[in-house]
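First up is the structure itself, then whatever we jot down about it.
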Amino acid sequence: MDVIPETRYRFRIPRHGPMRVPGIVYSTRELLPEATGDKSLEQVANVATLPGIVTASYAMPDVHWGYGFPIGGVAATDVSAGGVVSPGGVGFDISCGVRLLAAQLDQDQLATALGPLMDTLGHTVPRGLRRGGTWQLADRAQLYDVLLGGARYAVEAGHGVPRDLARCEDAGQVPDAAPGRLSARAIERGLGQLGSLGSGNHFLEVQVVDEVFDEATAAVFGLHRHQVCVMIHTGSRGLGHQVCTDYVRTMDEAMSRYGIRVPDRQLACVPVNSAQGHAYLGAMAAATNFARANRQLLAETARRAFERHTGAGLELVYDVSHNLAMIESHEVDGRWRRLCVHRKGATRALPPHHPDLPADLAATGQPTLIPGTMGTSSYVLAGVTGSPAFHSTCHGAGRVRSRHAAAREVDGHRLRDDLESRGIAVRGTSWRGLAEEAPAAYKDVDAVIDAAEGAGLCRKVARLVPVGVVKG
DNA sequence: ATGTTC
């Protein structure tokens, strides 16, 4: 793969073969996937062949190998020019994302309460494969209400306060959800799982603000140094997974009827303006609302635990997805166009004064939340004016070692002991799962964030460190 | 990520 350095933080994959646009990789020499033996830059080039793609196939500094599209990839297609939508460009965990809550509490006030708080969280946060959630829905009709209403419906049903919605991307509810486009199996998998964490890299952490890079912006976000926070990282569970599975198959079968050829079957796609394209976007929006409601429910579980052990409330800082395709307007080559922007393991970071921001965040830009790995830092970022890649940045540290390799090389018991000895309380579910998520399996999140900021994708506002980890 | 193998 020909990868040409253009600046310290930007690399170009020139057009070759069937590529319609170049690949642009925001990274550093040290973080480039080729340095770790990962094939994701070939996936960046493959994505550049999709019908209707505009400007470039982008990769963020945490890019790594994924299903068809790389994780840490951004691709936008022009809807009115035959642009496609692809489930592989969203990922299996539709609207997977992060929610950050700020406690009215500082670290020194937490000391003796941390253990009992973690015990309660450990007992009340449902997690692990196939596990049911905290909200047992009455029936399929109520699940439809969730799929249409998202976090807004959860709040209206008493699970949260109206102010929460002002701090959710899309105010907690995306439009145009079409629950009828979900298979019976997707509905069945979703019915019992609302208010559950899942497994893999999903977590609920108690964190402390370790460093503030911009006091004024942090204050607007409701954050200050030494403050206790809760970060929740989860998505749409089995429901979203089933939607992706169903529509990859549908599109794989339908693709040839639209004359579309792709270099990898995992890039299955159809035009946005097609029966299958509309069906997928409707199903995806429904799964998105499920994920938004899911994070709302888990926030309520955390609030109950904090209320009981500390008396402190938890104010929502923000809730943002990093696996989604969104129809957005962007200026391309001097003309405003409707684009289908795929962000897979990439986070939207709206710049200051963007019309989709709430009024009180207009001056700061969008809060952007980046979960680190267990035992390392997480970050609060803000969107910046003039950012490339359709206002997107990274989504995490980025895996460099497979789950299998990590489980072979890391002992879960020892990892738990290491974390505990550093003052981080751990409430896991499986020793293997813990080992698979060892920090050694990931890039250095601090280097990833510095690369994202250096590339002009975002700016740092605050860094958080964990003091308690609840793992699926 | 995921009832980790239709």
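For the numbers below, each heavy atom of this structure counts, side chains included, while hydrogens, waters and symmetry mates do not.
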#### Entry: Sugar-phosphate only, base, or nothing, as touched by A:Gly200 at under 4.0 Å among non-hydrogen atoms
sugar-phosphate
### Query
When we call it a touch if two heavy atoms are under 4.0 Å apart, what does A:Glu436 touch: a base, just sugar-phosphate, or nothing?
nothing
Measure [atom1]/[X] against [atom2]/[N] and give the value in whole Å, please.
| X | N | atom1 | atom2 | value |
| --- | --- | --- | --- | --- |
| A:Asn323 | B:dT2 | CG | C1' | 13 Å |
| A:Glu188 | B:dT2 | CD | P | 17 Å |
| A:Phe92 | B:dT2 | CZ | C1' | 8 Å |

#### Entry: For A:Asp418, all residues meeting side chain to side chain contact (heavy atoms under 4.5 Å, CB included), sequence neighbours excluded
A:Arg414
### Partners meeting side chain to side chain contact (heavy atoms under 4.5 Å, CB included) with A:Ala382 (sequence neighbours left out)
A:Phe221, A:Arg459, A:Val461
### Task
State, without any angle test, whether A:Glu169 and A:Tyr318 hold a side-chain donor-acceptor pair at a distance under 3.5 Å.
no
### Task
Using the six-membered ring wherever Trp is involved, compare the ring planes of A:His395 and A:His64 and label them parallel, tilted or perpendicular (cut-offs 30° and 60°).
parallel
### Query
Under 30°, 30 to 60°, or over 60°: which ring-plane class applies to A:His322 and A:His233, parallel, tilted or perpendicular?
perpendicular
#### Entry: DNA chain B contacts made by residues 237-249 of chain A, counting heavy atoms under 4.0 Å
A:Arg237, A:Gly238, A:His241, A:Gln242
## Note on the structure
Expected list for residues 126-150 of chain A near DNA chain B, using heavy atoms below 4.0 Å, is A:Leu129, A:Arg130
#### Entry: Validation row, ring centre A:Tyr247 to ring centre A:Tyr280 under 6.0 Å
yes
## Note on the structure
Here the side-chain hydrogen bond (donor to acceptor under 3.5 Å, both in side chains) pairs for residues 122-131 of chain A, sequence neighbours left out, are none
### Any residue meeting side-chain hydrogen bond (donor to acceptor under 3.5 Å, both in side chains) with A:Arg343, in chain and number order, not counting sequence neighbours
A:Glu328, A:Ser392
